[in-house]
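To start, the structure under review is shown below, and the notes come after it.
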There are 2 protein chains.
Amino acid sequence: MDRRIKKNQTAIMDALIQLMAEKDFEKITIHEIAECANVNRGTIYSHYLDKYDLLDKCIETQLKQLIESCLPVDDKGTYSSKASLLRTFELMEKNALFFRTLLTNKGVPSFRNHLQEMMKEGIREQIDENNLSLDDLRKEILVQFLSSATVGVIEWWFTHTMPCSAQEITEQLWALLQLNQVLPFIKQSDLVTQISD
Amino acid sequence: MDRRIKKNQTAIMDALIQLMAEKDFEKITIHEIAECANVNRGTIYSHYLDKYDLLDKCIETQLKQLIESCLPVDDKGTYSSKASLLRTFELMEKNALFFRTLLTNKGVPSFRNHLQEMMKEGIREQIDENNLSLDDLRKEILVQFLSSATVGVIEWWFTHTMPCSAQEITEQLWALLQLNQVLPFIKQSDLVTQISD
DNA sequence: TGGAATCTGTTGAAAAACCAACAAAACTGC
DNA sequence: GCAGTTTTGTTGGTTTTTCAACAGATTCCA
């Protein structure tokens, strides 16, 4: 892509994120964004229809980055999903301003859905890789269960201004996810004895 | 000036300064500067003839900024030269990377002369404001004396990685400069008695 | 020494960004 | 409710930047 476009788009998006951290989205004007990004006002209109379109594209871009940094394989060329979960948290930590703003700002409720949808996709892949079979209904319930739980933990992490490191939260969450992907395959009768150990 | 020009010029100059802090000026290529500034190589040639021209313009720009931030009057509209000296040191502190690089990098000997020339100008103004009369020869000797001393102190400040704050160095240097602008007007005979006090 | 690779400086055409100006809409404060 | 200000979204003409390609110079290293 043309260098100018990339530079200006990131400048504009960064400006929006910065301003959203300072004030309510509705109070932000295109003029402000342009000044903050050090870009002509017209340039914004050449890329986005309006404020709302910009916000959409901004969310999309951030989540796409998140996914990309999530999926890449580790050194050996093997997918290591725990590592990818850690990378996810690390990227969120790095762009904390953006994620916290969108997760807490009541003006952007759609963001939570975007995020959960992305998590669902990842979890589905996880299940397919780890397990052999699971009927569709059970699988979707599990996906819903785990994605809700995961997004909830992420929300908690941000709203409590990240009370623990990305490393720690990954360990904890990973353990919970693993547990819940193994448990459904153990017979209920066995489960009782296992837990009572 | 066109927004694009300003943005690219500062990006290019900042890139040069950053690279000079990392490696020798001669080892730096235009290609590197362009990549570091995130700018097309041709853009550099549209503003500067070559590396050396860029370095010149870079020095010039920095010193111009220095002068501008030096000269402005204080709140009341009166020139306060001690305050302007302090502002000078503060700006140098802020752009420490640049000044230290150019003062210590043996590849840029002209920078010291640039700096001293600038100081001379300031000192001449100081003398004209403070004192009534002084024949040309004596005045130029005094200017040379004080500017050399000042640049020497600045050099010392940077090469010793700023062992004291801008505030402190200003106080010390100011006291010395004042002393040397007053002394020449005291008769030698009086001087002895004054010092012996 | 000779060949490969890199760096330099320049070109022209295409794309993008700039700016100033505009009318219409929305918001302000009296 | 209404005048004054600000914001919005669009336009056209101009300037700058980008990109790709070029030949010549320089550096590297085998």
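The chains referred to below are lettered A, B, ... by the order of the sequence lines, with proteins before strands, and numbering in each begins at 1.
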Without decimals, in angstroms, what is the distance between [X] [atom1] and [N] [atom2]?
X     : N      : atom1 : atom2 : result
A:I28 : C:dC27 : CD1   : C1'   : 17 Å
A:I30 : C:dA24 : CD1   : P     : 21 Å
B:I33 : C:dT6  : CD1   : P     : 19 Å
B:R41 : D:dA21 : CZ    : P     : 13 Å
A:I44 : C:dC19 : CD1   : P     : 13 Å
B:H31 : D:dA25 : NE2   : C1'   : 17 Å
B:K6  : D:dT16 : NZ    : C1'   : 15 Å
B:D53 : C:dT8  : CG    : C1'   : 15 Å

Out of [options], which nucleotide sits closest to the side chain of [X]?
X     : options               : value
B:D2  : C:dA17, C:dG9, C:dC18 : C:dC18
A:T43 : C:dA17, D:dT8, D:dT18 : C:dA17
B:I5  : C:dT8, D:dT17, D:dT18 : D:dT17

Lys/Arg N to Asp/Glu carboxylate O, A:E155 vs A:R112, below 4.0 Å:
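Result for this pair is yes, salt bridge flagged.
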
Regarding A:E93 and A:R87, does a basic nitrogen lie under 4.0 Å from an acidic carboxylate oxygen?
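Salt bridge flag = no for A:R87 with A:E93.
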
[X] side-chain N/O to [N] phosphate OP1/OP2 under 4.0 Å:
X     : N      : value
B:N40 : D:dT17 : no
B:R3  : C:dC19 : yes
B:N8  : D:dT16 : no
A:H47 : C:dA16 : no
A:K7  : C:dA16 : no
B:Y45 : C:dG9  : yes

Donor-acceptor pair, distance only, cut-off 3.5 Å: does the side chain of B:T43 make one with the backbone of B:V39?
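Looks like no, no N/O pair under 3.5 Å.
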
5' precedence on DNA chain C between B:E32 and B:R4 (nearest-nucleotide basis):
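First, find each residue's nearest nucleotide; the 5'-ward one identifies B:E32.
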
Is the positively charged end of B:K57 above the ring of B:Y48, judged by distance under 6.0 angstrom from the centroid and angle within 45° of the axis?
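No, cation not above the ring by the 6.0 Å, 45° rule.
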
Spacing of CG belonging to A:N38 relative to NZ belonging to B:K6, to within rounding of 0.5 Å
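With rounding to 0.5 Å, CG (A:N38) is 8.0 Å from NZ (B:K6).
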
5'-most contact on DNA chain D: A:G42 or B:N38, nearest heavy atom basis?
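Here A:G42 is the residue nearer the 5' end.
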
